[in-house]
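First up is the structure itself, then whatever we jot down about it.
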Amino acid sequence: MNETVPHRDFVRQIVEDDLGSGKWKGKVQTRFPPEPNGYLHIGHAKSICLNFGIAQEYNGLCNLRFDDTNPEKEDTEYVDSIREDVRWLGFDWEDRQYFASDYFDQLYEWAEELIRRGHAYVCSLPPEQISAGRGTATQPGTNSPWRDRSVDENLDLFRRMKAGEFADGAHVLRAKIDMAHPHMLMRDPIMYRIRHAEHHRTGDRWCIYPTYDYAHGQSDSIEGITHSICTLEFENHRPLYDWYCSALGIHHPQQIEFNRLNLTYTVMSKRRLLELVQAGHVNGWDDPRMPSICGLRRRGYTPEAIRAFCRAAGVTKNNATIDIGVLENHLREDLNRRAERRMAVLDPIRVVITNYPEDQTDELEAINNPEDPSAGSRMVPFSRELWIEREDFHEDPPKKFFRLAPGREVRLRWAYFITCHDFVRDEAGNVTEIHCTYDPATRGGDAPDGRKVKATLHWVSARHAVNAEVRLYDHLFFREHPDQVEEPDQDWKSGLNPDSLKVVSQAQLEPALGTARQGDLIQFERLGYFCVDPDSSTQQLVFNRTVTLKDQWAKARTKD
RNA sequence: UACCCGAUGGUGUAAUUGGCAACACAACAGAUUUUGGUUCUGUUAUUCCAGGUUCGAGUCCUGGUCGGGUAACCA
């Protein structure tokens, strides 16, 4: 593969072609245009990476623009969260933060202009009749009885709409295009509707609001956007986008549509995510199981991993659903080289080193990150009584299980070889304690005689252990494609995974983890990557499992 | 149904724009390893169908099939 010629997706190819032909005089101007009516999710991250990425790569600029033309759904709460998320992802709009509502005056003037030129009219039909008059896919619509009002009457009515003389829904302003157009969207689409609603920025200054179609292209135009990049579902709107720009004779950006991101084992639409939050299936938008940016952040995802994933996901016009494992692998790749290693036991069982003195303590050196020598090392205390992971011991080991079992010798990481010679059971038959001897000559974890062990276990000294709550997350849905339900009467929520959150309340951690802080990237050896949750306090440490390590043994086990 | 769009291994993307179908992930096998992690090596597997143009088609043309989007006074 030729690495000097990186792959360019079709959007970047258009940008490069335009740069080559001088179409926009060497300028590249994009924008990320969220509606402030919800939180951003990983699908938006793809759009953010595309728009800001293209601007960076081609020496252009990318604006942040809030598409706030629907006062009933929008709120500054969302504006703030969107700003935070875009910045956290690593992008900077500098001083170019705009709002579609900044353009309401200009948009209004252009509407009057279209009325004067006979391209728009006030329609006084009730909503149901407008909808009925639009016809169907196979039948043309019928002209509104108000379609041929005079320019003066239209102007008068439109101004009175603006002045607040009419109730919501009494009139709308429509573009006069063609009620028989094969494309339904072109059958005299609505430009303005009356809404006596408080807007999060313009307050009660306006009671008429432009629709998306009437506002979006013109907002792009005002900002001098060259490439207006949006998702596939707006492909149908492009003729209208083009119609308004040409009718107005204004700067006319090129709208380019790409495929939105879908992931297996989750849902992605704002509507559905909101439903999960409101129905209490998750604990808010930043629940670590959510594919929202704030959820991923709380889960312990890094911006680097998300950006790398978005790059790898690709940009095409195919309906693509990416295996969520790809996202997780990009995260592991990033965390593997950055996270310091620590030892933690989530499901502890006691090990007694019978030949180790009761009151003795040993300090052993442990490497912090084998991938990064500069991360240094730390000391880990060792004593007679230890915790190891319950699943690391089997009194009757299955095939290919090479961890601890009666008569078996294994290594305790950075410590000693130990051999199991006995174990204790309670009345119910559960193993409660494992008795081992250690070999003092193997201090540090190497046998001078060169003998090998097949397993290395993580462990924590019982006397020195720190307590913590650890939250283990799994996929939000147990169905790979939540929409593909088994019974016809089921809906997507029937695939919600009841085990997507498991709380371990008594995890035992090595003492060095007692000082872990939010933002630390940590690997619990052999278990996965973890981060400190905001719920954590000095009284009660709380960790989230960000992602497990790959686990061949677990895989082999589930196969049987 | 009408309009619009798409179709390349299991998944996601490439193919110098008409010239040896490749990359990543997954799966499988092996090597290395003080994490059953990491790393390394290897294996399996791909152009929706039918015609046409051409010396040559994943790419161009025609017809079909399948999939998706839209059909709010949401964006």
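Worth saying up front: this structure is predicted, and the values here are computed from it rather than measured.
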Review point. Any sub-3.5 Å donor-acceptor pair from Thr211(A)'s side-chain atoms to Ile190(A)'s backbone N or O?
Key: yes

Revision key, fill the gap. If pairing means Watson-Crick or G-U wobble with both distances under 3.5 Å, then the partner of A21(B) is none

Point to revise | Residue list, side chain to side chain contact (heavy atoms under 4.5 Å, CB included) with Asp372(A), at least two apart or on another chain | key: Asn369(A), Ser374(A), Ala375(A)

Exercise for review: Could you please name the option among U38(B), C25(B), U35(B) that lies closest to any side-chain atom of Arg341(A)?
Suggested key: U35(B)

Practice item. Could you give the distance separating G67(B) and G58(B) at their P atoms, to the nearest angstrom? Key: 25 Å

Check your understanding: Starting at the 5' end of RNA chain B, which residue's closest nucleotide do you reach first, Arg443(A) or Ala313(A)?
Key -> Ala313(A)

Practice item. State which of U35(B), U17(B), U38(B) makes the closest approach to the side chain of Gln13(A). Key: U17(B)

Check your understanding: Does A27(B) fall in syn (glycosidic angle within 90° of 0) or anti?
Key -> anti

Exercise for review: Please work out if Glu391(A) contacts a base, only the sugar-phosphate, or nothing of the nucleic acid, heavy-atom cut-off 4.0 Å.
Suggested key: nothing

**Study point:** salt bridge (Lys or Arg N to Asp or Glu O under 4.0 Å) against Glu480(A), all qualifying residues, sequence neighbours excluded
**Key:** none

Check your understanding: In whole angstroms, how far is the P atom of G36(B) from the CZ atom of Arg332(A)?
Key -> 15 Å

Exercise for review: Kindly write out the residues that satisfy side chain to side chain contact (heavy atoms under 4.5 Å, CB included) with Cys310(A), not counting sequence neighbours, or none if the list is empty.
Suggested key: Ala45(A), Lys46(A), Cys49(A), Ile306(A)

Review point. Paired with U32(B) by Watson-Crick or G-U wobble geometry, both distances under 3.5 Å: which nucleotide is it?
Key: none

Review point. What nucleotide among A14(B), A7(B), U1(B) has an atom nearest to a side-chain atom of Thr316(A)?
Key: A14(B)

Exercise for review: Using the test salt bridge (Lys or Arg N to Asp or Glu O under 4.0 Å), find all partners of Glu333(A) that sit at least two apart in sequence or belong to another chain.
Suggested key: none

Point to revise | Residues in side chain to side chain contact (heavy atoms under 4.5 Å, CB included) contact with Ser124(A), at least two apart in sequence or another chain | key: Val122(A), Trp146(A), Arg149(A), His171(A)

Practice item. Return the nucleotide paired to A72(B): Watson-Crick means purine N1 to pyrimidine N3 with N6-O4 or O6-N4, wobble means G-U with N1-O2 and O6-N3, both under 3.5 Å. Key: none

Review point. Out of curiosity, Ser101(A) OG to Arg65(A) CZ, how far, rounded to the nearest 0.5 Å?
Key: 11.0 Å

Point to revise | Nucleic acid footprint by protein, nucleotides 68-75 of chain B - heavy-atom cut-off 4.0 Å, B for base, S for sugar-phosphate alone | key: SBSB-BSB

**Study point:** Asn336(A) side-chain proximity, nearest of A15(B), G37(B), G36(B)
**Key:** G37(B)

